[in-house]
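Quick notes on the structure that follows.
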Amino acid sequence: MFAADLLALAVLAAAAAAPADSYEQTFDLATAGEVVAAVRAGCAACAWGEADREAAALRLSVDGAYSQHLLLARGETPAEYRVTLGALAAGRHRLSIERDAALSAKGAGPATISVDALRAVADRDEALAQSMAPILFARANTVGKFTDLPILMWYEVAPSARGRQFRYSVIFTNEDGGTATDRLMATWGRTTDIEYVYGVEVDASGRIVSEEFQGPGHEFPPFHGKHEARHPLLWVSTDNNMVSESGTSTVRYAPAPERFDLTNVSREAVMDRHPWSYALASGEMKRERKIADEGPGHNTIPDPRRYVYIEACGEVGDAAVAFAVNARDTWIASDRGVREYRIVRDGCFRGAIPLPAGMRGRELRALRVMAYTRAPARGQPAVRPRGPVMLTRVNTVFMLDDGYQPGPPMLQWQGTAAIHADGTPFDLPIK
């Protein structure tokens, strides 16, 4: 899987017949570097959506020193979990993985563990990105609770005045605070929580010239906290998964970040690359009893497999946008009749529409994009938008399959459509 980069690392011995719940591997590094491991593991009877069977927790150590925890949230079948082991010196090292019984679900059975690959990152740009990836300490009230688990990290690279900025974001399985679940689906098309956590600017030589993080209240102060080598240490500190420079938790996670280009796509496209993330999010909704067809305003949603997920791109400006789909000669809207359930951001954005029970995706005939006057702030009058919504793309329309993973796209479109607030909507056929 990591063929070219494996030239920098030679594996000496692996515990091929290691007992369940543990694994050990010794390896040599020809030169110092950032090391990434692809751990393949599963745990018997584990199910993220079932209380007391959520996951087995593994404790990873390198050369006898604690590195991180890894929760086997993806169930019984062994799956790949990519983690960063950090900056290691040249020479011989030992990776040890053991079950942490105190943090494992009571009903989680034995774990099967192997390591598909260990690599010292050889590519210069990737090594730089890996070397600055955040290490996340768990939010204290999530330890042992199997909630709001960070499951994916990615980074983007953009030119800056002094060089380049690397921006790291994390996908959590949910957020215990912040936006209510039903509004989250209407305006973001997901129940995961996606947060930008850390940005770092480097000059042409790779020297760090500035750092920032997303702190409580969605503020972006300079980062002055601790580093492990060049990795910033961040503590998830709020129920909507903002981070801080210090905290009390000692349990930490270090998912290896992947580079992602978000040109003409939403952040949710990272989830599409990892479709199992939808199943984890749905499982958490089920376990937390947030799946119920109670209508808007109850912090619950219908079965996620009943939703139509839509991604579009454009300039919303000072208006608001909602989607609708037509089936059985009826238009069903994403805002569910609530003004606050409309999308109010530019770029590429998602929303989701719950279909009535018993209605199938094959019955969908058309997609509608509607523009509205934006709901005013409390105590303020509504202000007519200055211009129309300019729609440029519909990237995808899909539903989840029986396994809670995205099915094939039903519609894609590119063009230019001007949609005036409270005026004629823009319709596209679904064939």
Side-chain angles (χ1 to χ4, degrees), residues 171 174-175 178-194 262 264-272 277-278 281-282 285 290 293 295-327 330-356 359 361 364-375 385 389-400 406-407 409-413 417 419 421-422 425-428 430:
I171 299 178
N174 188 225
E175 59 176 348
T179 307
T181 304
D182 49 343
R183 185 175 180 180
L184 198 59
M185 283 292 273
T187 58
W188 295 92
R190 53 176 166 81
T191 61
T192 56
D193 184 27
I194 302 180
L262 294 182
N264 292 326
V265 295
S266 71
R267 298 185 301 168
E268 289 75 22
V270 180
M271 292 180 60
D272 297 347
S277 61
Y278 288 86
S282 298
M285 292 300 95
K290 292 180 180 177
D293 200 354
H298 291 85
N299 197 27
T300 61
I301 57 171
D303 189 322
R305 295 171 296 185
R306 283 173 46 189
Y307 276 84
V308 182
Y309 300 79
I310 302 125
E311 176 172 306
C313 306
E315 297 294 322
V316 175
D318 53 358
V321 162
F323 300 115
V325 290
N326 185 277
T330 300
W331 287 101
I332 307 160
S334 60
D335 65 9
R336 305 174 78 181
V338 181
R339 296 179 69 180
E340 290 75 18
Y341 286 25
R342 294 169 184 164
I343 296 162
V344 292
R345 60 190 182 277
D346 295 333
C348 293
F349 41 81
R350 289 201 183 186
I353 304 167
L355 298 182
M359 188 174 284
L364 300 181
R365 296 294 175 261
L367 170 70
R368 171 169 287 179
V369 184
M370 303 166 289
Y372 296 94
T373 299
R374 186 175 296 193
V389 170
M390 299 302 298
L391 187 74
T392 56
R393 305 172 67 94
V394 175
N395 285 335
T396 190
V397 176
F398 66 88
M399 296 185 72
L400 303 185
M410 305 178 199
L411 172 65
Q412 293 177 320
W413 171 86
I419 312 170
D422 310 313
F426 179 68
D427 295 350
L428 288 167
I430 296 177

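Residue numbers start at 1 and run along the sequence shown.
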Of Arg393, Arg267, Arg350, which meets salt bridge (charged side-chain N to carboxylate O under 4.0 Å, His left out) against Glu311?
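For Glu311, the salt bridge (charged side-chain N to carboxylate O under 4.0 Å, His left out) check succeeds only for Arg350.
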Residue pair Trp188, Glu268: steps toward the side-chain contact (heavy atoms from CB on, under 4.5 Å) verdict:
CA-CA 9 Å; Trp188 295 92; Glu268 289 75 22; 3.9 Å; yes
Sole residue of Thr191, Leu184, Thr192, Ile194 in side chain to side chain contact (heavy atoms under 4.5 Å, CB included) with Glu175
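Exactly one option meets the side chain to side chain contact (heavy atoms under 4.5 Å, CB included) with Glu175, and it is Leu184.
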Among Val394, Val397, Asn395, find the one that has a side chain to side chain contact (heavy atoms under 4.5 Å, CB included) with Trp413.
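When side chain to side chain contact (heavy atoms under 4.5 Å, CB included) is applied between Trp413 and each of Val394, Val397, Asn395, only Val394 qualifies.
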Rounded distance [0.5 Å steps], [atom1] in [X] versus [atom2] in [Y]:
{"X": "Ser334", "Y": "Tyr307", "atom1": "OG", "atom2": "OH", "value": "10.5 Å"}
{"X": "Tyr309", "Y": "Met185", "atom1": "OH", "atom2": "CE", "value": "3.5 Å"}
{"X": "Met370", "Y": "Asp427", "atom1": "CE", "atom2": "CG", "value": "9.0 Å"}
{"X": "Met285", "Y": "Ile301", "atom1": "CE", "atom2": "CD1", "value": "6.5 Å"}
{"X": "Asp272", "Y": "Ser277", "atom1": "CG", "atom2": "OG", "value": "7.5 Å"}
{"X": "Ile332", "Y": "Leu355", "atom1": "CD1", "atom2": "CG", "value": "5.0 Å"}

So which atom in [X] and which in [Y] form the shortest heavy-atom distance, rounded to 0.1 Å?
{"X": "Ala371", "Y": "Ile419", "result": "CB-O, 3.6 Å"}
{"X": "Thr187", "Y": "Ile343", "result": "O-CG1, 3.8 Å"}
{"X": "Tyr372", "Y": "Pro385", "result": "O-CG, 4.2 Å"}
{"X": "Val316", "Y": "Arg345", "result": "CG2-O, 3.1 Å"}
{"X": "Pro409", "Y": "Phe398", "result": "CA-CB, 4.5 Å"}
{"X": "Asp335", "Y": "Ala322", "result": "OD2-CB, 3.9 Å"}

Counting the benzene-type ring for Trp, do Trp331 and Phe323 have ring centres under 6.0 Å apart?
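No; Phe323 has its ring centre 6.0 Å or more from that of Trp331.
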Would you say the side chain of [Y] lies within less than 4.5 Å of the side chain of [X], judging by non-hydrogen atoms?
{"X": "Tyr278", "Y": "Pro304", "answer": "no"}
{"X": "Ile310", "Y": "Thr396", "answer": "no"}
{"X": "Asn326", "Y": "Leu364", "answer": "no"}
{"X": "Arg305", "Y": "Met399", "answer": "no"}

Under 3.5 Å, side chain of [X] to main-chain N/O of [Y], donor-acceptor pair present?
{"X": "Arg374", "Y": "Gly317", "value": "yes"}
{"X": "Asn299", "Y": "Ala180", "value": "no"}
{"X": "Thr392", "Y": "Cys313", "value": "yes"}
{"X": "Arg368", "Y": "Pro425", "value": "no"}

Carboxylate-amine/guanidinium proximity below 4.0 Å for Asp182 and Arg336
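No, no charged N to carboxylate O under 4.0 Å.
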For a side-chain contact (heavy atoms from CB on, under 4.5 Å) check, start with the C-alpha distance between Asn174 and Asp193, then their side-chain angles and the critical distance, and finish with the verdict.
CA-CA 5 Å; Asn174 188 225; Asp193 184 27; over 6 Å; no
Ile430 and Met410: CA distance, side-chain angles, deciding distance, side-chain contact (heavy atoms from CB on, under 4.5 Å) verdict
CA-CA 7 Å; Ile430 296 177; Met410 305 178 199; 4.1 Å; yes
Could you please spell out the steps behind the side-chain contact (heavy atoms from CB on, under 4.5 Å) verdict for Val270 and Ile171?
CA-CA 9 Å; Val270 180; Ile171 299 178; 3.9 Å; yes
